[in-house]
Undergrad: 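What follows is a structure written as structure tokens; I'll ask about it next.
Just so it is clear: chains get the letters A, B, ... in the order the sequence lines come, proteins before strands, and each one is counted from 1.
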Amino acid sequence: MLDHEYTTKVVFRENFFKDWRKEMTHEERSLIQDLDKCDFGEIHAMHKAKTEARKNMSKEEKQALKEANQKIVDEYGYCLLDHHKERIGNFKIEPPGLFRGRGEHPKQGMLKKRIQPEDVIINCSKDSRIPVPPAGHHWKEVRHDNSVTWLVSWTENIQGSNKYIMLNANSKLKGEKDWEKYEVARKLKSRVDDIRYQYLQDLKSKQMVTRQRAVALYFIDKLALRAGNEKEEGETADTVGCCSLRVEHITLHEQLDGNECVVEFDFLGKDCIRYYNKVPVIKKVFKNLKLFLENKQPGDELFDRLNTNVLNKHLSSLMPGLTAKVFRTYNASITLQQQLKELTNSQSHLLAKLLSYNRANRAVAILCNHQRAPPKTFEQSMANLQAKIDARKEQLALAKTELKQAKKEAKTKGNSDPKLLVERKKAAVKRCEEQLLKLEVQATDREENKQIALGTSKLNYLDPRISVAWCKNMEVPIEKIYNKTQREKFAWAIDMTEADFEF
DNA sequence: GAAACGACTTAGTAGATGGTAG
DNA sequence: CTACCATCTACTAAGTCGTTTC
């Protein structure tokens, strides 16, 4: 923690020190008045030593630890729901620590308190074996509410929001909800032409709200922006989505890079991830934006008549279950399907197919702006890979020469032994080529993926049935695109999907 | 009707895990 | 066998959106 960037931030330090002082005794409080004079070196060293010790544990010790952990999972990691044993997602209460918000969070560094049994609400059925609180403690409440899915909840002290213990993604309950989500998105597919026609008409409306709603929808649909709920100022980092965009977040260009009517977006979205994009838009949208910006200052809302409530009310009137985020799901999934169709060829090599799959996935991640910090060792690992490629190339060249040599010998000598040698050398060349291809594909994939995170879209936006059907059509084993956890989460799709599935 | 609340999904990251090259 | 590194998993913050409260 001490070597983390957080400790250099003023807000973090101030919040931490303020909360720390609250925990001090009188004497400590009078003694410790300046964080800059505090030396945490000793405790930091202790921590480091502990991690080091853990790393250096013997095989047996590691095994014992693993078994002990498994025992905890066996005992606390499952529940019974409608007579089915289900895995719980997060069954451990969050431990105390210093709050680490993302970006310039005003509460970073505050002390996140330890949760006591007295803070915890248990939710289970009346006839179940109610968990016993630790000795000398009692639960805040035991309730039996079957209209919600959580098993345990407590209130966290930083934002005052509720935290929950819920089921694992592979549970029947979560699986069914996931399926429903994609079914709503598929329904949007059948309605989207009408809805688009409608909002394009609305761009000309006499009502300001309607125009603003139409432009917002245009962005949400075309750019997969999030809805953008209002946030309480000073409670969280300053981030925005579509409806909460402010004047300073867009710049209009009549002309830019050879395009007309270009909108330049630059704002921080969820998790303080920057959204930067220059997008040519249709004239009507551009004119409306100019209108919305009239007589406004930076800091003013772009869509001053609009909020997510108004927008979603309208959307649900167009189609039951339709909200802003359905557009993200729909556009992500339809993009994957189109890209897969465009990029893959059933005749190509398995590795080439997988590269295409990743590229299709990548197109979606870019659309949804799913970014990651470039891995700290990126340059190094790229260089390592290149070195491997070079080595393999050399090896291949060598193998080829040896093959030629062997062929020559086989001709001149003509007995059976050299023939065998030729076959062996041929095989060596082939193996080399395979490995080289694999490395080269890996290098391309990794380079293109430097700042892009594929996981989020794979897990939350892409209808798994598209991928399952693709695997069947392309004769790609499902394990190549989904790891064990992902296969468990998408078991419903793997079970039910035929090769002819269309999103 | 707007602010607050509650429940749920979506998000990036840190650290654990485990496979592989040397 | 060990060190390295990519991948996986756990963690928890930060959104969305419907409901409740005032």
Undergrad: Looking at dA11(B), I'd like to know if its phosphate oxygens (OP1 or OP2) sit under 4.0 Å from a side-chain N or O belonging to Tyr461(A).
TA: yes
Undergrad: For Phe99(A) and dA14(C), what is the distance between atoms CZ and C1' respectively, to the nearest whole Å?
TA: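 The distance from CZ of Phe99(A) to C1' of dA14(C) comes to 9 Å, rounded to the nearest Å.
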Undergrad: Where the side chain of Trp150(A) is defined as all heavy atoms beyond and including C-beta, which of dA14(C), dT16(C), dA7(B) is the nearest nucleotide?
TA: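 Of the candidates, dA7(B) comes closest.
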Undergrad: Could you state the atom-to-atom distance from CD1 of Ile220(A) to C1' of dG15(C) in whole Å?
TA: 14 Å
Undergrad: Have a look at Asn229(A) and say if it touches a base, only the backbone sugar-phosphate, or nothing, with a 4.0 Å heavy-atom cut-off.
TA: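 Base contact.
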Undergrad: Below 4.0 angstrom from OP1 or OP2 of dA14(B), is there any side-chain N or O of His4(A)?
TA: yes
Undergrad: For dA11(B), does either OP1 or OP2 sit under 4.0 Å from a side-chain N or O belonging to Arg328(A)?
TA: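 For Arg328(A), the contact criterion (side-chain N or O under 4.0 Å from OP1 or OP2 of dA11(B)) is met.
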Undergrad: Between dA11(B), dC17(C), dT12(C), which one does the side chain of Ala227(A) approach most closely?
TA: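 Among dA11(B), dC17(C), dT12(C), the one nearest the side chain of Ala227(A) is dC17(C).
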Undergrad: Taking CG from Asn162(A) and C1' from dA7(B), how many angstroms apart are they, rounded to a whole number?
TA: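 For the pair Asn162(A) CG and dA7(B) C1', the rounded distance is 8 Å.
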Undergrad: Just to confirm, is there a sub-4.0 Å distance from OP1 or OP2 of dC8(B) to any side-chain nitrogen or oxygen of Thr149(A)?
TA: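 Result: yes.
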Undergrad: Here's a test of your reading of the structure: between Gly269(A) and Leu322(A), which maps to the more 5' nucleotide of DNA chain C?
TA: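 Per heavy-atom nearest nucleotide, the more 5' residue is Gly269(A).
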Undergrad: Which word best sums up how the rings of Phe265(A) and Phe219(A) line up, parallel for under 30°, tilted for 30 to 60°, or perpendicular for over 60°?
TA: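 The arrangement is perpendicular - the two ring planes meet at more than 60°.
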Undergrad: Considering only dT12(C), dG12(B), dT13(B), which nucleotide approaches the side chain of Ile273(A) most closely?
TA: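 Closest nucleotide among those given: dG12(B).
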Undergrad: Which of the following nucleotides, dT9(B), dC17(C), dG18(B), is nearest to the side chain of Met166(A)?
TA: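 The answer is dT9(B), which lies nearest to the side chain.
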Undergrad: I want to verify a distance call: between dA13(C), dG6(B), dA6(C), whose nearest atom is closest to the Arg446(A) side chain?
TA: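 Looking only at heavy atoms from C-beta outward on Arg446(A), the closest nucleotide is dA6(C).
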Undergrad: Look at the side-chain N and O atoms of Lys163(A) and state whether any lies under 4.0 Å from the OP1 or OP2 oxygen of dC11(C).
TA: no
Undergrad: Closer than 4.0 Å, any side-chain N/O of Arg226(A) to the OP1 or OP2 of dA11(B)?
TA: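 Answer yes for this pair, as a side-chain N or O of Arg226(A) is under 4.0 Å from OP1 or OP2.
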Undergrad: With under 30° as parallel and over 60° as perpendicular, where do the rings of Phe267(A) and Tyr275(A) fit, or are they tilted in between?
TA: parallel
Undergrad: Within less than 4.0 Å of OP1 or OP2 of dG12(B), is there a side-chain N or O belonging to Thr456(A)?
TA: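 Thr456(A) to dG12(B) OP1/OP2: side-chain N or O found under 4.0 Å.
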Undergrad: Does any part of the side chain of Arg328(A), heavy atoms only, come nearer than 4.5 Å to the side chain of Cys368(A), both counted from C-beta?
TA: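 The answer is yes, as the side chains (C-beta and beyond) meet within the 4.5 Å cut-off.
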Undergrad: On the side chain of Lys270(A), is there an atom forming a donor-acceptor pair with the base of dT10(B) - under 3.5 Å, no angle test?
TA: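 Flag set: donor-acceptor pair detected.
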Undergrad: How are the rings of Trp20(A) and Phe40(A) set relative to one another: parallel (under 30°), tilted (30 to 60°) or perpendicular (over 60°)?
TA: tilted
Undergrad: For Glu67(A) and dT17(B), give me the distance from atom CD to atom P, rounded to whole Å.
TA: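 To the nearest whole Å, that distance equals 13 Å.
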Undergrad: Specify the separation, in whole Å, of atom NZ of Lys231(A) and atom C1' of dG15(C).
TA: 8 Å
Undergrad: Which of these nucleotides, dC8(B), dG18(C), dA11(B), is closest to any side-chain atom of His370(A)?
TA: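 Selected nucleotide: dA11(B).
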Undergrad: Select from Asn369(A) and Gly160(A) the residue whose nearest nucleotide in DNA chain B is closer to the 5' end of that strand.
TA: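 Closest to the 5' end, via its nearest nucleotide, is Gly160(A).
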Undergrad: May I ask you to verify if any side-chain N or O of Lys181(A) is less than 4.0 angstrom from the OP1 or OP2 atom of dC8(B)?
TA: no
Undergrad: What nucleic acid atoms does Ala373(A) come within less than 4.0 Å of, heavy atoms only: base, sugar-phosphate, or nothing?
TA: sugar-phosphate
Undergrad: Can you tell me which nucleotide in dA7(B), dT12(C), dA11(B) comes closest to the side chain of Asp271(A)?
TA: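 Of the candidates, dA11(B) comes closest.
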Undergrad: Any donor and acceptor pair, going by atom type alone, linking the side chain of His249(A) with main-chain N or O of Gly241(A) inside 3.5 Å?
TA: no
Undergrad: Under 4.0 Å between any heavy atoms, over every strand shown, what does Lys458(A) touch: base, sugar-phosphate, or nothing? Just pick one.
TA: nothing
Undergrad: Assign Lys313(A) to base, sugar-phosphate, or nothing according to its heavy-atom contacts below 4.0 angstrom with the strands shown.
TA: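 If one applies the 4.0 Å heavy-atom cut-off, Lys313(A) turns out to touch nothing in the nucleic acid.
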Undergrad: Tell me which of Lys92(A) and Asn312(A) sits closer to the 5' end of DNA chain C, going by the nucleotide each one is nearest to.
TA: Lys92(A)
Undergrad: Atom CG of Leu459(A) and atom C1' of dT13(B): how far apart are they, to the nearest Å?
TA: 15 Å
Undergrad: In terms of side-chain heavy atoms of Arg102(A), which of dG6(B), dT9(B), dT12(C) is nearest?
TA: dT12(C)
Undergrad: Find the distance Lys66(A):NZ to dT17(B):P and express it as a whole number of Å.
TA: 7 Å
Undergrad: Think Thr239(A) has a side-chain N or O under 4.0 angstrom from the OP1 or OP2 of dG15(C)?
TA: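 True: Thr239(A) side-chain N/O within range (under 4.0 Å) of dG15(C) OP1/OP2.
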Undergrad: Could Lys107(A) and Phe99(A) be counted as a cation-pi pair, given that NZ or CZ must be under 6.0 Å from the ring centre and within 45° of the axis?
TA: no
Undergrad: Name the nucleic acid region contacted by Gly228(A), choosing base, sugar-phosphate or nothing; use a 4.0 angstrom heavy-atom cut-off, strictly under.
TA: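 If one applies the 4.0 Å heavy-atom cut-off, Gly228(A) turns out to touch the sugar-phosphate alone, with no base involved.
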Undergrad: CZ of Arg487(A) versus P of dT7(C): gap in Å, rounded?
TA: 15 Å
Undergrad: Determine whether a donor-acceptor pair (N or O, by modelled atom type, separation under 3.5 Å) exists between the side chain of Ser244(A) and the backbone of Val240(A).
TA: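 Side chain of Ser244(A) to backbone of Val240(A): no pair is present.
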Undergrad: Has the side chain of Asn162(A) got a donor or acceptor atom that lies under 3.5 Å from a matching backbone atom of Thr155(A)?
TA: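 Checking the backbone N and O of Thr155(A) against the side chain of Asn162(A), no donor-acceptor pair under 3.5 Å is found.
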Undergrad: Name the residue closer to the 5' end of DNA chain B, choosing between Asp178(A) and Thr51(A) according to the nucleotide with the nearest heavy atom.
TA: Asp178(A)
